[in-house]
Amino acid sequence: MKKIDVVLGMQWGDEGKGKVVDVLTPGYEVVARFQGGPNAGHTLIFDGDKYVLHTIPSGIFRDGSTNVIGNGVVIDPVILAGEIAKLETAGVEVRSKLVVSKRAHLILPTHRMLDAASEAAKGASKIGSTLKGIGPTYMDKTGRNGLRVGDIVSPHFMERYGALKHKHEGLLSQYKDFKYDIAEYEAEWMKGIATLRSLRLIESEVEVNAMLDRGVKMLAEGAQGSMLDVDFGTYPFVTSSTTLCAGVCTGLGVAPRRIGEVYGIFKAYCTRVGSGPFPTELFDDDGQKMRDVGAEYGSTTGRPRRCGWLDMVALKYAVMMNGTTKLIMMKGDVLNDFDTIRVCVGYKVGSEELTYFPFETNEDITPVYKEFAGWRTDIGGVRKWEDFPAEFKTYVEYIEQATGVPVSIISVGPDREETVIR
Ligand code: GDP
Ligand code: IMO
Ligand code: MG
């Protein structure tokens, strides 16, 4: 059976999925997004240019590729149209390479407002959402109220849009202090709908399976990360979709036995943006150094990312649930200048030491660390495994041994070229 390979974030997002998909795409004809929406920000850097994609799959730069926005994705037409325009201005051919599932749900302007109102009402306990309307849109999907891409060609579309908007206005009126005006965004949104209508809208589950049957090589591109999964992440500080490998099946309509290689991407340390538990978070100079050297500021929101040591408890949990077959380590170069590198191998809760990821992850957790000697060398120029310093190899080999999964690609800089394939 012809299978689909998968790229997934193993941590709290921003692991470098965009770069990895870009590096892997020469081996694939199709790249497909299966969940999430414009809360994602995937960065690609090559030939001196930098691109950040939110909805469009990261295969779009490769000639002859097909890029699928699957049914599990939620789409803001304003953001999608903006992305297309930006790419076209940069000379990238988009329209012939992009297809959109009719079953993907639409983010309405009022979904964004509901996201903002809900977050404002939560005050200090806010999730730290990207405010793109992700949660409210998935709520309408599971609540069976949503509007889908295929609906935009219906003669009743405006009527249905009006009805859902009206419902949202009723909900918004309950947030007494929340003022909003969507007139301008709504006008842009309607233009975005026109752009969406001009794209090839398909029954993607049928085409995806037919392509796989024909032997077309396909890569699924995850958004967010395993620890932001709606079921297994640090709930409620999570996103609203299944970010795990299982999401590929529901988000593209492929059977579980169609899953091939599962590439799990992780940083040599850890970051998180937004609120929620982060056991290995650093509040000291080491954390600031990671943020500065790693340029850890959100690709979508510009917010500073929280930084900390690699968390093997969380990484092993992610590997377990995704069936990760190959690991890809990113940003080892950010740790070039550290004397000692720490890795969390357990969580101390009271007198107990947990080696699995527990239901409750609050401030009562004290990470148990294993220490490694830093390599104190610039590894940015390394292109072959043999050329890495011994300390770096020890670090990577420890991760392989602890997870039982080979680290098959190592990224040592943001550029496409700064990559070591083992
Ligand atoms: P994604 O959401 O998983 O695609 O990741 P983001 O694009 O949000 O964040 C990853 C950031 O790290 C981007 O700014 C990348 O350009 C950068 N990056 C990726 N790989 C490396 C690497 O190996 N080293 C360094 N220094 N930066 C990297
Ligand atoms: P990529 O694909 C990092 C985080 C938000 C917030 C929580 C919920 O670039 O890795 P949401 O907008 O989904 O309601 O926000 O999830 N979050 C991400 N963090 N990378 C992302 O995507 C993220 N998408 C959402 O910061 O904490
Ligand atoms: Mg990102």
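Remember, it's 1-based here, ligands and their atoms both numbered in the order they're listed.
- The residues Lys86 and Glu83 are annotated as not salt-bridged, no charged nitrogen and carboxylate oxygen being separated by less than 4.0 angstrom.
- Inside a sphere of radius 2.8 Å centred on the Mg ion (ligand 3), the protein N/O/S atoms present are Asp14 OD1, Gly41 O.
- In terms of polar-atom proximity, defined here as any N/O pair under 3.5 Å, Ser240 makes no such contact with ligand 2.
- Looking at Val273, Thr239, Ile265 and measuring to atom 13 (O) of ligand 2, the nearest heavy atom belongs to Thr239.
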Q: Using the side-chain contact (heavy atoms from CB on, under 4.5 Å) rule, take Asp76 and Arg112 through it: C-alpha gap first, then chi angles, then the decisive distance, then the call.
A: CA-CA 9 Å; Asp76 183 329; Arg112 289 174 64 114; 3.3 Å; yes

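- Assignment of Thr301 to the shell around ligand 2 is not supported, since no heavy atom sits closer than 4.0 Å.
- Taking a 4.0 Å cut-off on heavy atoms, Lys132 fails to register as neighbouring ligand 2.
- Taking 4.0 Å as the cut-off between side-chain N and carboxylate O, Arg342 and Asp286 do not count as a salt-bridged pair.
- Counting atoms of ligand 2 from 1 in the listed order, those under 4.0 Å from a heavy atom of Arg303 are 5 (C), 26 (O).
- Using a 4.0 Å cut-off between charged side-chain N and carboxylate O, Lys17 and Glu15 make a salt bridge.
- Residues Phe61 and Phe46 place their aromatic rings such that the two centres sit under 6.0 Å apart.
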Could you go through ligand 1 and note, for every N or O atom, any protein N or O atom closer than 3.5 angstrom, writing the atom names and distance to 0.1 Å, or 'none'?
| residue | atom | partner | partner atom | Å |
| --- | --- | --- | --- | --- |
| ligand 1 | 2 (O) | Asp14 | OD1 | 3.4 |
| ligand 1 | 2 (O) | Gly41 | O | 2.8 |
| ligand 1 | 3 (O) | Glu15 | N | 3.2 |
| ligand 1 | 3 (O) | Gly16 | N | 2.8 |
| ligand 1 | 3 (O) | Lys17 | N | 2.7 |
| ligand 1 | 3 (O) | Lys17 | NZ | 2.9 |
| ligand 1 | 4 (O) | Lys17 | N | 3.2 |
| ligand 1 | 4 (O) | Gly18 | N | 2.9 |
| ligand 1 | 5 (O) | Gly16 | N | 3.3 |
| ligand 1 | 7 (O) | Thr43 | N | 2.9 |
| ligand 1 | 7 (O) | Thr43 | OG1 | 2.5 |
| ligand 1 | 8 (O) | Asp14 | OD1 | 2.9 |
| ligand 1 | 8 (O) | Gly41 | O | 2.9 |
| ligand 1 | 8 (O) | Ser299 | OG | 2.8 |
| ligand 1 | 8 (O) | Arg305 | NH2 | 3.2 |
| ligand 1 | 12 (O) | Lys331 | NZ | 2.9 |
| ligand 1 | 23 (O) | Lys331 | N | 3.0 |
| ligand 1 | 23 (O) | Ser411 | O | 3.1 |
| ligand 1 | 23 (O) | Ser411 | OG | 2.5 |
| ligand 1 | 23 (O) | Gly413 | N | 3.1 |
| ligand 1 | 23 (O) | Gly413 | O | 3.4 |
| ligand 1 | 24 (N) | Asp333 | OD1 | 2.8 |
| ligand 1 | 24 (N) | Asp333 | OD2 | 3.4 |
| ligand 1 | 24 (N) | Gly413 | N | 3.4 |
| ligand 1 | 26 (N) | Asp333 | OD2 | 2.7 |

Donor-acceptor contacts under 3.5 Å from residues 385-395 side chains, at least two apart:
| residue | atom | partner | partner atom | Å |
| --- | --- | --- | --- | --- |
| Lys393 | NZ | Glu386 | O | 3.3 |
| Thr394 | OG1 | Ala390 | O | 2.9 |
| Tyr395 | OH | Ala268 | O | 2.7 |

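- Side chain to side chain, Arg103 and Ser101 fail the donor-acceptor criterion of an N or O pair below 3.5 Å.
- With no hydrogens or angles considered, a side-chain donor-acceptor pair links Tyr28 and Asp5 at under 3.5 Å.
- Between Tyr161 and Trp189, the distance from one ring center to the other falls under 6.0 angstrom.
- The N/O atoms of Ser275, backbone and side chain alike, include none that comes under 3.5 Å of an N/O atom in ligand 2.
- Counting heavy atoms closer than 4.0 Å to ligand 2, residue Phe237 contributes nothing at all.
- Contacts between Thr300 and ligand 2 below 4.0 angstrom, taking non-hydrogen atoms only, are absent altogether.
- For the pair Gly128 and ligand 2, a heavy-atom separation below 4.0 Å is found.
- Both tests do not hold together for Lys316 against Phe357: distance to the six-membered ring centre under 6.0 Å, angle to the ring axis within 45°.
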What donor-acceptor contacts under 3.5 angstrom involve side-chain atoms of residues 322-333, with partners at least two apart or in another chain?
| residue | atom | partner | partner atom | Å |
| --- | --- | --- | --- | --- |
| Asn322 | OD1 | Cys245 | N | 2.9 |
| Asn322 | ND2 | Ser226 | OG | 2.9 |
| Asn322 | ND2 | Ala318 | O | 2.9 |
| Thr325 | OG1 | Glu261 | OE2 | 2.7 |
| Thr325 | OG1 | Val262 | N | 2.9 |
| Thr325 | OG1 | Val262 | O | 3.3 |
| Lys331 | NZ | Gly294 | O | 2.9 |
| Lys331 | NZ | Glu296 | OE2 | 2.9 |

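- For the pair Arg272 and Phe278, the NZ or CZ position fails the cation-pi test of under 6.0 Å to the six-membered ring centre and within 45 degrees of the ring normal.
- The pair Glu417-Arg383 does not meet the salt-bridge criterion, since no charged nitrogen lies less than 4.0 angstrom from a carboxylate oxygen.
- The proximity of Asn39 to ligand 2, defined as any non-hydrogen pair under 4.0 Å, involves the side chain as well as the backbone.
- Contact between Arg272 and ligand 2 is absent, with no heavy atom of the residue lying under 4.0 Å from the ligand.
- Of the charged side-chain nitrogens involved, at least one lies within less than 4.0 Å of a carboxylate oxygen, so that Arg306 and Glu281 count as a salt-bridged pair.
- When the options Ser129, Ser299, Gly41 are ranked by their closest heavy atom to atom 15 (O) of ligand 2, first place goes to Ser129.
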